[in-house]
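Below you'll find the structure, written out as structure tokens, and then a few comments.
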2 protein chains.
Amino acid sequence: MKNVTIIGVGLIGGSFALDIKTKYPNTTIYGIDNNEAHLEEAIALGVIDKSTSLNELSKSDLVIVAIPVDVTLDLLPKILDNISENTIVFDVGSTKENICLRVKNHPNRRNYLAAHPIAGTEFSGPRAAIKGLFQNKTNIICEVEETAFKLQEKALALFSDIGMRIRYMNPKAHDKHIAYVSHLSHISSFMLGKTVIEKEKNERDIFDMAGSGFESTVRLAKSSPAMWTPIFKQNKTNVIETLDKYINNLKHFKRLMEKDDFQSVYQEMESTNYIKQILNGIK
Amino acid sequence: MKNVTIIGVGLIGGSFALDIKTKYPNTTIYGIDNNEAHLEEAIALGVIDKSTSLNELSKSDLVIVAIPVDVTLDLLPKILDNISENTIVFDVGSTKENICLRVKNHPNRRNYLAAHPIAGTEFSGPRAAIKGLFQNKTNIICEVEETAFKLQEKALALFSDIGMRIRYMNPKAHDKHIAYVSHLSHISSFMLGKTVIEKEKNERDIFDMAGSGFESTVRLAKSSPAMWTPIFKQNKTNVIETLDKYINNLKHFKRLMEKDDFQSVYQEMESTNYIKQILNGIK
């Protein structure tokens, strides 16, 4: 790869840039970002080499689209309008169904690979980029058969070089499942933060009492609203389903406490301890 | 301190033992545990020196009670029956109101200090003990005026030597606030784990899709039901209050999504990002 363009030089785009620089030292990395300060910061930090624009995209072998999912819906068709026939474009968004529908009939659909690397932190911007972020992480690829085989190969070589495992899935199933294991976690964390902040309004000093348990559970409430609002919008039906189930489980737990049925409270927790095995399986 | 007895040689009791060994190498550390295997393991691991029994307690300068809060309610009066007039006893439980009431009129009430070190992990047993666990952590002390001054000093010297900050509070306020910043986090995490496990019953492979965000949010669902059930029982009223508020916040978020009011969804998250400042304050 001679030229790579990263659209959105934040946490994910920037982390790809750092890994590409490490693995392919002769590649030039271009950046596009509607936040001028982020673009300058990314250059100053050495995350990217220089800025570029959409109408220069045909020079790139690879284009990575790492922007909020609502902007991807708008921009991806224009990106595909501007590339060369040998350019592979992939996005990294947390929703896949809408974006696949949007470009379904685009004449350059075969230059696009729908991807979702399961990696990140609660931080954002180029300063949040981390070398090696994708090592041993899962990358979910949707509708792989819609991408030209030779171009797939290019992207898969990169994913393999930076240490990712690949999982193939259809976009509908991706969006349904990711609602449970990612989107719901974010809402549970945001609402936990909100509940405690509301209490704190009157009693400012309760936070001395918070320990690492609270910190871990509420960590995702630091996440970027600009990134997450369009995800919840695009995955509305699935996310509402997970919220219904979560709220029902909380209500049930509360009812058990109200009835003084602490044997069942014990059993609820004991059976959920099974999550240990599952989390060991993730690693 | 010549002799210290740890009642309950698990994560918290064992971590106190390790720190005491480091800071006071000439102290002998005795252990009591109704789990014989844990007691043997604690000796084998060098966490404690030898086992002892309740009727030997009068030889100890310090007794640390680190057992589930329901067992503390039963055992603390018996412990206070068995000590010498120079023994200081403190517990480490996550509820303080019931335990203070239980020993309110005990003739040796002034030998007891009600404490709650805000420290721990989701693991349990002597193998979970960690040297330095309490460094820079908060220790909440309740009804300090009920403890004999000379005995307070002994305990405070230990807390200072192992790096803890002290916060004084009344037991009612402690139980009310800790429900928000600790007990609620555990339930939100357990119910998140349950919701995702229930989904997984039919679709076993969704866990490849889980990332570090899910892992962090669900971490507390690994916690011990034997420890947490009696905490929820003793703090029932406060915990139910926090659950009501949390469930209402989740329902409100869901309603905003149902109404397609994603501007408000954005604002909910943006205002909760304030948690960043708060968490920075913890550290």
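Bear in mind the structure is a predicted one, so any value in this text is a computation, not a measurement. Naming convention: chains lettered A, B, ... in sequence-line order (proteins, then strands); numbering from 1 in each chain.
Residue B/Glu97 is tested with B/Lys172, B/Arg102, B/Lys176, B/Gln234 for a side-chain hydrogen bond (donor to acceptor under 3.5 Å, both in side chains); the sole match is B/Lys172.
Looking at B/Lys137, there are no atoms closer than 4.5 Å to chain A (heavy atoms on both sides), in backbone or side chain. Within the 4.5 angstrom heavy-atom criterion, atoms from both the backbone and the side chain of A/Leu192 approach chain B. Neither the backbone nor the side chain of A/Thr237 comes within contact range of chain B; no heavy atoms are under 4.5 Å apart. Of the atoms belonging to A/Ser188, heavy atoms from both backbone and side chain fall under 4.5 Å from chain B. Heavy atoms of A/Leu220 lying under 4.5 Å from chain B belong exclusively to its side chain. Residue contact with chain A, scored on non-hydrogen atoms closer than 4.5 Å, is absent for B/Gln263. For A/Ser223, the part lying under 4.5 angstrom from a heavy atom of chain B is the backbone only. Both the backbone and the side chain of B/Ser212 come within less than 4.5 Å of a heavy atom in chain A. For B/Ile140, the part lying near chain A is the side chain, with the backbone staying farther off; criterion is any non-hydrogen pair under 4.5 Å.
Note that the CG atom of A/Asp244 and the CG atom of B/Leu250 stand 11.0 Å from one another [nearest 0.5 Å]. In this structure, the separation between NE2 on B/His174 and SG on B/Cys142 is 5.5 Å, given to the nearest 0.5 Å. Distance check, rounded to the nearest 0.5 Å: NZ of A/Lys131 to CG of A/Leu133 gives 13.0 Å. One finds the CZ atom of A/Phe232 at 5.0 Å from the CE atom of B/Met269 (value rounded to the nearest 0.5 Å).
Among B/His252, B/Lys251, B/Gln267, the residue with the largest count of heavy-atom pairs under 4.5 Å with chain A is B/Lys251. Comparing A/Thr138, A/Ile247, A/Leu184 by how many heavy-atom pairs each has under 4.5 Å with chain B, the most go to A/Ile247. Chain B forms more heavy-atom pairs under 4.5 Å with one residue of A/Ser182, A/Ser271, A/Ser189, A/Pro225 than with any other, namely A/Pro225. With chain B as partner, the option from A/Asn248, A/Ile178, A/Ile240 having the largest number of non-hydrogen pairs under 4.5 angstrom is A/Ile240. Ranked by non-hydrogen atom pairs under 4.5 Å with chain B, the options A/Ser224, A/Ala226, A/Ala119 are led by A/Ala226. Ranked by heavy-atom pairs shorter than 4.5 Å toward chain B, the options A/Lys245, A/Glu270, A/Lys236 are led by A/Lys236.
Checked against the 6.0 Å centroid threshold, A/Phe134 and A/Phe16 count as a close aromatic pair.
The salt bridge (Lys or Arg N to Asp or Glu O under 4.0 Å) check on A/Glu122 picks up A/Arg219, A/Lys222, with sequence neighbours excluded.
Looking at B/Lys96, its side chain does come within 3.5 Å of a backbone N or O of B/Ala115 through a donor-acceptor pair.
Between the side chains of A/Asn235 and A/Thr95, no donor-acceptor pair is found at a separation under 3.5 Å.
Counting only residues at least two apart or in different chains, ring-ring contact (aromatic ring centres under 6.0 Å, His included) contacts with residues 181-200 of chain A comprise A/His183-A/Trp228, A/His186-A/Trp228.
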